[in-house]
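All remarks here apply to the structure that follows.
Residue numbers count from 1 along this sequence.
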Amino acid sequence: MPIGKEVNIKNFMTALEKNEDEIRAIITLLTQKYASEESGIEIIRINDNYQLVTKKEYYEYLYPLLDNRIKPSLSNAALETLSIIAYHPKITRSQIENIRGVNSDGTIYKLLEFELIESAGKLDAPGRPTMYQITDNFLKMFGISNLEELPELPRYKLDENEQIVIDDLPLEQTSTENQDRKD
């Protein structure tokens, strides 16, 4: 996870006294320059903010030297919870537990501790439960600029036994191909 702070276009405009188009052109030029050179840095986009970071291939070598925090180690339960929150921003703990079928208190606290999720306010319902959403640290950790870059979820339907049947799943095609080879 990159250390540091993202900078938005307006801050660049103020600091450099240039208009938005000029700033975007400069960022594009620098992004291309760092990508083509044998440079150890790159510019990443997080929503509408930009950050100068170490290239991914050098990150593992530099992380222990620059950051004394514990590197997040995510369990399968944490990854599952995180993906639910990413695909359903502003979701409550009870809604997450409904999807997962198990208690998620500890997992949510761990994700909050790692600053991968944050409060998105309170739901206007009895008890006013907290809603959760992912943070920019999530985007950085998974190397995406915004939630629109998340892969599309497979489509599913319920069969006559009320069981989930997933359509368009690549693994299903692979299984069929393997079965054909056995026959």
Side-chain angles (χ1 to χ4, degrees), residues 1-9 11-12 24 27-28 30-93 95-121 130-156 164 166 168-172 174:
M1 193 177 332
I3 305 169
K5 183 180 173 193
E6 308 93 37
V7 180
N8 65 37
I9 296 289
N11 288 348
F12 279 125
R24 290 195 187 277
I27 291 171
T28 300
L30 288 173
T31 301
Q32 291 169 350
K33 178 181 177 190
Y34 294 140
S36 66
E37 290 181 357
E38 289 194 24
S39 168
I41 57 176
E42 66 182 339
I43 296 175
I44 61 171
R45 189 174 135 249
I46 310 294
N47 290 317
D48 273 338
N49 299 316
Y50 296 88
Q51 185 174 356
L52 189 62
V53 298
T54 304
K55 284 188 176 173
K56 290 176 187 131
E57 56 264 29
Y58 303 121
Y59 174 74
E60 291 299 320
Y61 301 107
L62 295 174
Y63 182 86
L65 299 171
L66 302 174
D67 193 357
N68 295 330
R69 295 176 293 183
I70 297 171
K71 185 177 179 183
S73 175
L74 300 175
S75 65
N76 286 341
L79 288 170
E80 185 177 286
T81 303
L82 197 53
S83 65
I84 291 168
I85 295 169
Y87 281 98
H88 302 284
K90 298 190 177 184
I91 189 169
T92 66
R93 181 188 50 78
Q95 291 168 327
I96 294 166
E97 290 173 352
N98 226 8
I99 294 169
R100 291 192 64 228
V102 295
N103 184 300
S104 298
D105 287 342
T107 305
I108 289 172
Y109 290 127
K110 187 59 90 177
L111 294 173
L112 286 165
E113 181 183 323
F114 285 140
E115 297 178 352
L116 295 173
I117 64 170
E118 64 188 0
S119 171
T130 301
M131 297 182 294
Y132 297 100
Q133 64 187 12
I134 57 98
T135 64
D136 287 349
N137 286 339
F138 167 88
L139 298 174
K140 289 179 200 176
M141 178 179 243
F142 290 94
I144 59 176
S145 299
N146 54 50
L147 290 178
E148 286 79 40
E149 292 182 18
L150 287 173
E152 188 176 322
L153 292 174
R155 293 178 181 82
Y156 68 91
I164 295 176
I166 300 176
D168 303 328
L169 189 61
L171 295 176
E172 198 173 274
T174 305

Check [X] against [Y] and note the closest heavy-atom contact, atom names and distance.
| X | Y | result |
| --- | --- | --- |
| L111 | A78 | CD1-O, 3.9 Å |
| S104 | T81 | OG-OG1, 4.4 Å |
| L147 | P89 | CD1-CG, 4.0 Å |
| T92 | M131 | CG2-CG, 3.9 Å |
| E80 | S83 | O-OG, 2.8 Å |
| G121 | S119 | N-OG, 3.2 Å |

Mind checking whether [X] and [Y] have side chains closer than 4.5 Å, heavy atoms only?
| X | Y | answer |
| --- | --- | --- |
| V102 | E97 | no |
| T31 | T28 | no |
| Q133 | E118 | yes |
| F138 | I85 | no |
| I27 | I9 | yes |
| F114 | N137 | no |
| I99 | I91 | yes |
| R93 | D105 | yes |

Legend entry - More than 12 heavy atoms from other groups under 6.0 Å of CG on N76: no

Inset, instruction - Calculate, to the nearest 0.5 Å, the distance between atoms CD1 and NZ belonging to I43 and K55 respectively. - result: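 One finds 11.0 Å between CD1 of I43 and NZ of K55.
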
Legend entry - Nearest-0.5 Å distance, NZ of residue K33 to CD1 of residue I41: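 Rounded to the nearest 0.5 Å, the NZ-CD1 separation comes to 8.5 Å.
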
Inset, instruction - Show the numbers, then the answer: is there a side chain to side chain contact (heavy atoms under 4.5 Å, CB included) between L150 and F142? - result: CA-CA 10 Å; L150 287 173; F142 290 94; over 6 Å; no

Inset, instruction - Start with the C-alpha gap between R100 and I84, add the side-chain angles, then the distance that decides, and say whether side chain to side chain contact (heavy atoms under 4.5 Å, CB included) holds. - result: CA-CA 9 Å; R100 291 192 64 228; I84 291 168; 3.3 Å; yes

Legend entry - Electrostatic pair E6-R45, nearest N-O below 4.0 angstrom: no

Inset, instruction - Go through the steps to decide whether N8 and Y50 satisfy the test side chain to side chain contact (heavy atoms under 4.5 Å, CB included), and finish with yes or no. - result: CA-CA 6 Å; N8 65 37; Y50 296 88; over 6 Å; no

Legend entry - I134/L116 under side chain to side chain contact (heavy atoms under 4.5 Å, CB included): CA gap, chis, key distance, verdict: CA-CA 6 Å; I134 57 98; L116 295 173; over 6 Å; no

Would you confirm whether [X], through its side chain, and [Y], through its main-chain N or O, come within 3.5 Å as a donor-acceptor pair?
| X | Y | result |
| --- | --- | --- |
| K140 | S145 | no |
| K90 | Y132 | no |
| N146 | E148 | yes |

